[in-house]
Amino acid sequence: MTYCGRFAPSPTGLLHFGSLVAAVGSWLCARHAGGRWLLRVEDIDPPREVAGSAQAILDALPAFGLVADAPALFQSQRQAAYDVAFDRLRAADLAFPCWCSRAQLAAEGGLHRGRCIALPDPDRPPAWRMRVPDGTIAFDDALQGPQRQVLRDEAGDFVIRRVEGYYAYQLACVVDDAFQGITEVVRGTDLLDSTPRQILLQRCLGYPTPAYRHLPLALDGQGHKLSKSGQAHPVDPGDPLPALRRALAFLDVQTAAGADSPAALLQAALERFDPARLPRLAARTL
Ligand code: GLU
């Protein structure tokens, strides 16, 4: 099977250093494997979206030498595919409607575990949750090692479709990773604990489970994740080399000293790149 990787930014702000690391890491793994590298704009959360940021991210990537093999897939245009997956889960009784409020769930430790507190309310739309079975979901992360999660205790019956009618990230991500034929997911460790939920969804929908490689998360001096919404550490596509060098150094990837363009720098990095030597750390401070 041909390797296929992806970078899947949410358009919640400009490209920042943490997302550049994920983009560069996933690009290197795909190119090293002689595979494809795809883009996906995760614009399924309109309230969190920052106008213009999807285009700004898509415009910035080629400035950093990161060119995808196909036009980006936009999740805002994938409603019909999510509807099909959602209908299958409902038909198989793997998803159920839930009217519980956050406050009601807080009293239960914040998780929904098999039992609704609120009664059905025909006057209000419900959220839809996965009926999470007992048992452990285990997978081997290529960098972070063996992972196990008792989904019921750590995620509970998680939401796949919100009260507002938007599909949740977990469902959209799984449907699109399958649709795009992704064979390995390379992303930050902030999503490591989402992976068992995604594996459950893949199993319920009959999709293959890709390999996973979670890169260390970039933290600022205070130990906080860099976030696009916080506008921390945006990278400047007008002057790409310094940030690209820092992203490669963050991933312990050697480069040539003299490279004078992003494409040349990435090519030099690729020649020395070994995915097995990426840092096996959960996080790294800048
Ligand atoms: N859209 C997510 C983010 O920007 C990443 C999703 C993924 O890589 O699975 O944090």
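As the structure lists them, so they are numbered: ligands from 1, and atoms in each ligand from 1.
Counting atoms of ligand 1 from 1 in the listed order, those under 4.0 Å from a heavy atom of Y169 are 6 (C), 7 (C), 9 (O). Here is the list of ligand 1 atoms found below 4.0 Å of a heavy atom in C173: 9 (O). Near R187, the atoms of ligand 1 lying under 4.0 angstrom from a non-hydrogen atom of the residue are 7 (C), 8 (O), 9 (O). For ligand 1 and R6, the ligand atoms under 4.0 Å from any heavy atom of the residue are 7 (C), 8 (O), 9 (O). Distances below 4.0 Å separate heavy atoms of S10 from the following atoms of ligand 1: 1 (N), 2 (C), 3 (C), 4 (O).
Between D45 and R162 a salt bridge is recorded (basic side-chain N to carboxylate O distance below 4.0 Å).
Remark: the Y169 side chain and the Q198 side chain contain an N/O donor-acceptor pair separated by less than 3.5 Å. Under the 3.5 Å distance criterion, with hydrogens and angles disregarded, no donor-acceptor pair is assigned to the side chains of Q149 and D193.
Using a 30° and 60° split on the angle between ring planes, W37 and F7 fall in the parallel class, below 30°.
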| field | Stepwise salt bridge (charged side-chain N to carboxylate O under 4.0 Å, His left out) check, R78 with D43 | value | CA-CA 10 Å; R78 297 272 301 147; D43 52 352; over 6 Å; no
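Of all the heavy atoms of F7, none lies under 4.0 Å from any atom of ligand 1, so neither backbone nor side chain is involved. Proximity of T12 to ligand 1, defined as any heavy-atom pair under 4.0 Å, is not found for any part of the residue.
In this structure a side-chain-to-backbone donor-acceptor pair under 3.5 Å is missing from D177 to I182.
Following chains of ILVMFWY side-chain contacts shorter than 4.5 Å, one can reach V24 starting from L270, so the two form part of one hydrophobic cluster.
The shortest N or O to N or O distance between E42 and ligand 1 is below 3.5 Å. For L191, no nitrogen or oxygen atom sits less than 3.5 Å from a nitrogen or oxygen atom of ligand 1, counting backbone and side chain alike.
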